[in-house]
> 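Just dropping this structure here.
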Amino acid sequence: MLRLENVLAGYSAIPVLQGVSLSVDAGQFVAVVGPNGAGKTTLFKTISGIVQPRAGRITFEGIDLSTVPPAGRAHLGIAHVPEHRQVFPSLSVLENLEMGAYTEAGRRGWKRNIEQIFAWLPVLADRRAQLAGTLSGGEQQMVAIGRGLASSPKLLMLDEPSMGLAPAIADFIFDKLIEIRRDTGLTILLVEQRVAEALESADHGYVLEAGRVALEGDNRTLRADDRVRKAYLGM
Ligand code: ATP
């Protein structure tokens, strides 16, 4: 579904992504893990078009994304749930979710999507009229995920959804992603610093270090890998 081939991208002369190749198949749950500054957020920004690649190729369902402006990528079915949640604080929960439904598929599927989002995340139904800025961090993250789902995506990209959340709330978010994926077969690409949880939730993982893929494999192989165990799992 999504394929990156030797992508170089960044903000200055020295690229942050130094030749990244990865692929996500339809229905797969893929996690990208790695230390601070490895380039995980830059990777997502490059896929969604906020950062232009300097070299390499990105395709989505066979379409070369260099031909698709950033705004058009959401309409192809790529939803990017950015880091730090970024809800609209002065809009209600429901209005935030409506903002996600700006794609054609999102508008068409709104009635069904909102029912499903409220079924997965009932706290959003209870608080639908509350201003998003007054929610807890975990609830705001749920709004951000719900907003992504409201666009009827084919690929849901989540940038560190557990950031700044208490472990129990982060676990709840990971469990929800597994549930949403199980219910819908949605393709998920997750960037995370909580390596253990991310590799438990996903089927396949990439370890990004200093802008390069240092390791990749299915979740069992990665969790059993000595380097991953030492560097990321504290074993
Ligand atoms: P973190 O988990 O801390 O967010 P990350 O793996 O997501 O880390 P990036 O945010 O992609 O890493 O950052 C990679 C490098 O790019 C860092 O050295 C960072 O300082 C730099 N960088 C990120 N955003 C910008 C920007 N807008 N302008 C210039 N440099 C940037």
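Counting starts at 1 for both ligands and their atoms, in listed order. What you are looking at is a predicted structure, and each value in this text was computed from that prediction instead of being measured.
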> What residues, two or more places apart in sequence or in another chain, satisfy side-chain contact (heavy atoms from CB on, under 4.5 Å) together with Asp126?
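For Asp126, no residue satisfies side-chain contact (heavy atoms from CB on, under 4.5 Å) once neighbours in sequence are set aside.
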> Under 4.5 Å between any side-chain heavy atoms of Gln193 and Lys40, yes or no?
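Gln193 vs Lys40: side chains touch.
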> Report the residues that fulfil side chain to side chain donor-acceptor pair (under 3.5 Å) with Thr59, sequence neighbours left out, ordered by chain and then residue number.
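Per chain and number, Thr59 pairs via side chain to side chain donor-acceptor pair (under 3.5 Å) with no residue.
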> Collect the protein residues that have a non-hydrogen atom under 4.0 Å from ligand 1 and hand them over in chain and number order.
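If the criterion is a heavy atom under 4.0 Å, then ligand 1 touches Tyr11, Val16, Pro35, Asn36, Gly37, Ala38, Gly39, Lys40, Thr41, Thr42, Glu83, Glu160, Gln193.
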> Do Tyr232 and Pro35 come close enough that some side-chain heavy atom pair is under 4.5 Å?
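They are in side-chain contact.
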> Looking at Gln140 and Val87, what are the two nearest heavy atoms and their distance?
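Here Gln140 and Val87 meet closest at O-CG1, 3.5 Å.
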> What pairs with Ser23 under side chain to side chain donor-acceptor pair (under 3.5 Å), at least two apart in sequence or on another chain?
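Side chain to side chain donor-acceptor pair (under 3.5 Å) check on Ser23 returns nothing, list empty.
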